[in-house]
Amino acid sequence: MELRQLRCFVAVAEELHFGRAAERLLLGQPAVSQQVRRLERELRVELFDRSPRHVRLTPAGERFLPAARNVLAAEDAARALAADLAAPTVLRLGTVTGLGERLDDILDAYRRQAPTVRVELDSLSVRERLTRLADGRLDAAFVRGTVPNQDQDQTQDRNPDQAQDLRYFPLWQDELVIALPAGHPLADRPEVDLADLATLPLLLTERRNHPTLVDLVTAACAEAGFRPLLGPPHSTLQNTLASIGTGAPMWTVVYAANARMTNTRRIAFRPSRTPLTLPVSLAVRRSAPLPRLLLATCRNPATLTPDPSPTPTSNDQDS
């Protein structure tokens, strides 16, 4: 009996579908079916009732499922402990702005699990963040938006060998909300239609600073039927909000976590009726040991159950 057989069995038992289980495990469906069949031959029982229309656990499968989960949980605990023991005395982490309380939760949970590790945070531009990660000056880094090696705007100045040495693990989706003057009529609404902002200047960072963010917003405006009237770009979010706070009819987008931490009566933050989100990933070097404890903490700081088989993915307003 092998752990990969148990992983395949548990995935199929939870999905009740071999195809979805294969997608979850990043395996081909034939491989998942083969592993489950091998497990059934070793146990000498049928674990699933298979038909062209459904997959169900047999009574034997239902009895075996808790035991299989316990074995995998024990493996997870052993991996987490090993990661803790092998963790460096210093963890150098590249961060992005706008994480708010989420970053606090991650750091608190990580320190509970690895109290002897000192965490050093560096908030840098995405290009500098990835450069330092690739050359070893950072151990891991948060990245917003599309995977950078798929975005020409973010990688055209980087060494191709550097891009190949990095891999990315998806974490969560960061929500963006609309910021506009508190006295504007749209501020009285619980949410805002982008189309209603068509006549208001949009304040955004220059595209070279955060192409993913700018492209997300302009594409959403295009889908709403208009091309945004771009106002003068500001270097910082603070300056952007200060301009909007004067009461002049203009708007921008802000990470929801930033909005929750911004206390001003002059700005109203409202969700967009068409949700605006950017994915956040953790970037690490392929040549370095995988920081499993950090990855597990980022994905779920409440439970801290590391994923034994993490799935690689493919800013202030920089990513």
Side-chain angles (χ1 to χ4, degrees), residues 1-83 102 105 109 145-147 150 167-175 216 219-220 223 271-282 284 290 292-314:
M1 186 184 306
E2 300 177 2
L3 289 173
R4 59 183 173 179
Q5 295 173 348
L6 296 180
R7 290 193 196 102
C8 290
F9 164 69
V10 170
V12 176
E14 292 176 350
E15 300 290 343
L16 293 179
H17 192 282
F18 278 86
R20 290 195 296 270
E23 291 177 2
R24 170 173 153 182
L25 296 170
L26 290 184
L27 295 173
Q29 184 171 334
V32 174
S33 299
Q34 183 182 57
Q35 292 299 325
V36 172
R37 283 296 189 191
R38 287 179 178 175
L39 180 61
E40 289 177 320
R41 285 197 296 269
E42 289 189 24
L43 298 176
R44 298 182 181 180
V45 294
E46 292 287 329
L47 298 173
F48 294 102
D49 175 17
R50 302 166 174 85
S51 79
R53 305 183 68 176
H54 69 261
V55 175
R56 296 175 182 168
L57 283 166
T58 62
E62 291 178 353
R63 291 182 59 190
F64 186 68
L65 180 57
R69 283 174 169 159
N70 288 339
V71 172
L72 295 180
E75 185 208 13
D76 288 349
R79 286 182 180 274
L81 178 58
R102 187 187 291 270
D105 291 343
T146 55
V147 174
Q150 295 175 354
R167 54 178 172 169
Y168 302 81
F169 297 92
L171 298 178
W172 64 79
Q173 294 283 332
D174 256 355
E175 179 190 4
L216 172 74
E223 289 187 11
S272 169
R273 182 164 294 176
T274 302
L276 300 172
T277 62
L278 281 177
V280 178
S281 300
L282 186 70
V284 299
L290 181 65
R292 292 183 179 274
L293 182 59
L294 174 63
L295 183 60
T297 307
C298 291
R299 284 181 166 172
N300 199 337
T303 62
L304 289 178
T305 303
D307 180 352
S309 303
T311 304
T313 64
S314 23

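Small disclaimer: the values here were computed from a predicted structure and weren't measured.
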Checklist entry - Is Thr277 reaching over with its side chain to a backbone N or O of Glu175, donor-acceptor style, under 3.5 angstrom? => result no

Checklist entry - Do Gln5 and Glu42 come close enough that some side-chain heavy atom pair is under 4.5 Å? => result yes

Checklist entry - Does any pair with a residue in residues 45-56 pass salt bridge (Lys or Arg N to Asp or Glu O under 4.0 Å), and if so which ones, sequence neighbours excluded? => result Arg37-Glu46, Glu40-Arg50, Glu46-Arg50

Checklist entry - When rounded to the nearest 0.5 angstrom, what is the spacing between CD in Gln35 and CG in Leu3? => result 11.0 Å

Item to check | Validation row: Cys8, Leu27 side chains within 4.5 angstrom (heavy atoms) | outcome: yes

Checklist entry - Which pair of non-hydrogen atoms, one from Ser281 and one from Pro170, has the smallest distance, and what is that distance? => result OG-CA, 3.9 Å

Checklist entry - Considering all heavy atoms of both residues, which atom of Ala22 and which atom of Gly28 are nearest to each other, and what is their separation? => result CB-C, 3.9 Å

Next on the checklist: Check whether Arg4 reaches the backbone of Val32 with its side chain - one donor and one acceptor, N or O, closer than 3.5 Å.
Outcome noted: no

Item to check | Least distance between heavy atoms, Gly145 atom then Leu278 atom | outcome: CA-CD2, 4.2 Å

Next on the checklist: Between Glu75 and Leu72, is the side-chain contact (heavy atoms from CB on, under 4.5 Å) condition met? List the steps.
Outcome noted: CA-CA 5 Å; Glu75 185 208 13; Leu72 295 180; 4.1 Å; yes

Item to check | Flag side-chain contact, heavy atom, 4.5 Å: Leu65 against Leu57 | outcome: yes

Next on the checklist: Is the shortest side-chain heavy-atom distance between Phe64 and Val45 below 4.5 Å?
Outcome noted: no

Item to check | Least distance between heavy atoms, Val280 atom then Asp174 atom | outcome: CG2-OD2, 3.5 Å

Checklist entry - Does a side-chain N-to-carboxylate-O contact under 4.0 Å join Glu2 and Arg38? => result no

Checklist entry - Is there side-chain contact between Leu171 and Arg299, with at least one heavy-atom pair below 4.5 Å? => result yes

Checklist entry - Can you check whether His17 reaches Arg24 side chain to side chain, under 4.5 Å on heavy atoms? => result no

Checklist outcome for this item: Heavy-atom nearest pair, Cys298 first then Trp172, reads O-CZ3, 3.8 Å

Checklist entry - So which heavy atom on Arg7 is nearest to which on Leu25, and how close? => result O-CD1, 4.1 Å

Item to check | Side-chain heavy atoms of His54 within contact of Leu16, under 4.5 Å | outcome: no

Checklist entry - Rounded to the nearest 0.5 Å, how far does CZ of Phe18 lie from CD of Glu23? => result 14.0 Å

Checklist entry - Any side-chain heavy atom of Gln34 sitting closer than 4.5 Å to one from Pro30? => result no

